[in-house]
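Residues take their numbers from the sequence shown, with the count starting at 1.
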Amino acid sequence: MFQSRVKLIVTGDDFGYCPRRNQGIVECFLAGAVSNVSLLVNGSAASDAAQLARRHKIPIGLHANLSEGSPVCKALENSSLLNEDGFFHGKMGFRTVLAKGLLKMSEVKQELWAQVDLFQELTGHLPHHMDGHQHVHVLPEVRHVFAQVLEEYGIRYTRVPIEPGLHSCAWIEPPLMDFYLGVERDSLDTVDVFTRHGIRWVDIYIGLSTMGKSMSVSNIQSAIDSAVLALTTKKNSHRTPFPPQDQQPRTVTVELMVHPGYPTLPPVGGCGEGPDDFSQSWERLHELQTLMKPELQNYYKTRNIQLCAFKDL
């Protein structure tokens, strides 16, 4: 039992990517395994996802997408955000083009505006939170535009993917770890920017060390237990991802990022250019099955962990 009260947000990312992803996420929500979702408004099944969220009263935020598929803003069909095929540059391609100074931040802002507006059109309300698909929202330059858009719309919560204990996760393969450590560096540099704009996030983020084949009940338990212990005993050695006044909270807030679902079956799915390997992987089903396991639910009860959503904070 934790000394502090723990509120856990289990966020199902990529809602709207395809009907089978939607089905899996909804099943997880109805089973109490997911408590919050993040919608890709340019996903092929975004409208269906929004209807499902409304029908089942699923708390929903925006998974802002600048890296996969097609833009929402039609005025950007010939912009710096797109490659020669007319699609976003991709997870690594976006980072490469950004590093070369070839992305126009005015176009980034246009697309973010369009995605928030489409979210409102689909759901009937503003996002309860807004994060970035493939963590693009913490990248240099983009982070400033992202923060401005959140402040303009009054969206209070985002995600800062700094994961306690990440450096000691020996099971993560070196190329993936290199990417994760890059995300961490970008996130650390983003903290001050988001703070200046009055944007908030949870005390503890988890999700990189438990993604896909790395997800297990024991890994989730260990990640939560060690992170909460480190926070509450002030043994966290790296720079804290939350404002100083929240360093000893009576209630510790945690977000667990997950990607459950049934594997996408081509040609259905995607964000405009068809489904990617990530969506078709058996690892989506593995996450769904792991999150549904009774021993994980029992762990939450034993530790007095309350599942909630960003709108409940």
Side-chain angles (χ1 to χ4, degrees), residues 7 9 11 13 38 61-67 91 94-101 103-113 115-116 126-167 177-209 227-228 230-232 234-257 310 313:
K7 287 189 174 183
I9 301 169
T11 301
D13 276 4
S38 207
L62 174 58
H63 204 42
N65 185 3
L66 300 172
S67 56
K91 181 173 77 171
F94 183 90
R95 288 163 166 83
T96 299
V97 175
L98 176 65
K100 291 180 178 178
L103 287 183
K104 295 180 181 178
M105 289 302 111
S106 60
E107 293 175 343
V108 168
K109 180 173 272 192
Q110 273 184 275
E111 179 61 18
L112 292 176
W113 279 339
Q115 291 193 19
V116 175
L126 279 169
H128 299 309
H129 63 98
M130 179 171 160
D131 54 46
H133 185 48
Q134 299 170 337
H135 310 294
V136 297
H137 66 302
V138 296
L139 290 170
E141 297 186 78
V142 177
R143 62 176 71 110
H144 296 278
V145 176
F146 189 84
Q148 290 166 12
V149 171
L150 263 65
E151 187 174 22
E152 288 168 5
Y153 281 94
I155 301 168
R156 295 184 59 204
Y157 284 95
T158 190
R159 171 186 293 162
V160 178
I162 302 171
E163 183 164 346
L166 177 65
H167 294 243
M177 180 62 88
D178 288 343
F179 176 72
Y180 289 166
L181 295 179
V183 170
E184 180 183 76
R185 287 191 298 271
D186 289 328
S187 298
L188 288 168
D189 290 337
T190 300
V191 167
D192 290 342
V193 176
F194 285 177
T195 300
R196 285 199 302 271
H197 286 270
I199 300 164
R200 299 183 63 82
W201 53 96
V202 296
D203 301 326
I204 296 167
Y205 163 84
I206 295 168
L208 302 177
S209 67
V228 172
L231 177 67
T232 54
K234 304 180 76 171
K235 290 181 180 176
N236 217 352
S237 59
H238 66 259
R239 182 178 174 185
T240 178
F242 41 88
Q245 66 268 24
D246 291 334
Q247 285 185 18
Q248 282 188 299
R250 292 180 182 175
T251 298
V252 176
T253 55
V254 183
E255 183 188 15
L256 174 61
M257 176 192 75
F310 279 99
L313 299 183

Check: Is the closest side-chain heavy-atom distance between L62 and Q115 below 4.5 Å?
Finding: yes
Checklist line | Side chain proximity check, P140 to D189, heavy atoms < 4.5 angstrom | finding: no
Residue list, salt bridge (Lys or Arg N to Asp or Glu O under 4.0 Å) with [X], at least two apart or on another chain:
| X | answer |
| --- | --- |
| E141 | none |
| K109 | E152 |
| E111 | none |

Closest approach of [X] and [Y], non-hydrogen atoms and distance?
| X | Y | answer |
| --- | --- | --- |
| A64 | L112 | CB-CD2, 3.8 Å |
| T190 | D186 | OG1-O, 2.7 Å |
| Y205 | R159 | CE1-CD, 3.6 Å |
| Y153 | L126 | O-CD1, 3.3 Å |
| V183 | P161 | CG1-CG, 3.6 Å |
| T195 | V191 | OG1-O, 2.8 Å |

Notebook entry, point to check: In terms of ring plane angle, is the pair H135 and F179 parallel, tilted or perpendicular, where the classes change at 30° and 60°?
Noted result: tilted
Does [X] reach the main-chain N or O of [Y] with its side chain, forming a donor-acceptor pair under 3.5 Å?
| X | Y | result |
| --- | --- | --- |
| S187 | I162 | no |
| H63 | S38 | no |
| E163 | G207 | yes |
| E255 | V202 | no |
| N65 | S67 | yes |
| T253 | D203 | yes |
| T158 | M130 | yes |

Note to self: Going by the rule ring pair (Phe, Tyr, Trp, His ring centres under 6.0 Å), which residues pair with Y157 if we only count those two or more places apart in sequence or in a different chain?
What the structure shows: F310
Checklist line | H128: ring pair (Phe, Tyr, Trp, His ring centres under 6.0 Å) partners, not counting sequence neighbours | finding: H125
Check: Quick one: side chain to side chain contact (heavy atoms under 4.5 Å, CB included) partners of R196, sequence neighbours excluded?
Finding: H144, D192, V193
[atom1]/[X] to [atom2]/[Y] distance, rounded to the nearest 0.5 angstrom?
| X | Y | atom1 | atom2 | result |
| --- | --- | --- | --- | --- |
| L139 | R95 | CG | CZ | 4.5 Å |
| M105 | L98 | CE | CG | 5.5 Å |
| L103 | T96 | CG | OG1 | 10.0 Å |
| D13 | H133 | CG | NE2 | 8.5 Å |
| I199 | Q148 | CD1 | CD | 9.5 Å |
| H167 | L181 | NE2 | CG | 5.0 Å |

Next item on the list: For the pair H137 and L66, evaluate side-chain contact (heavy atoms from CB on, under 4.5 Å) and give the outcome as yes or no after the intermediate values.
Entry: CA-CA 9 Å; H137 66 302; L66 300 172; over 6 Å; no
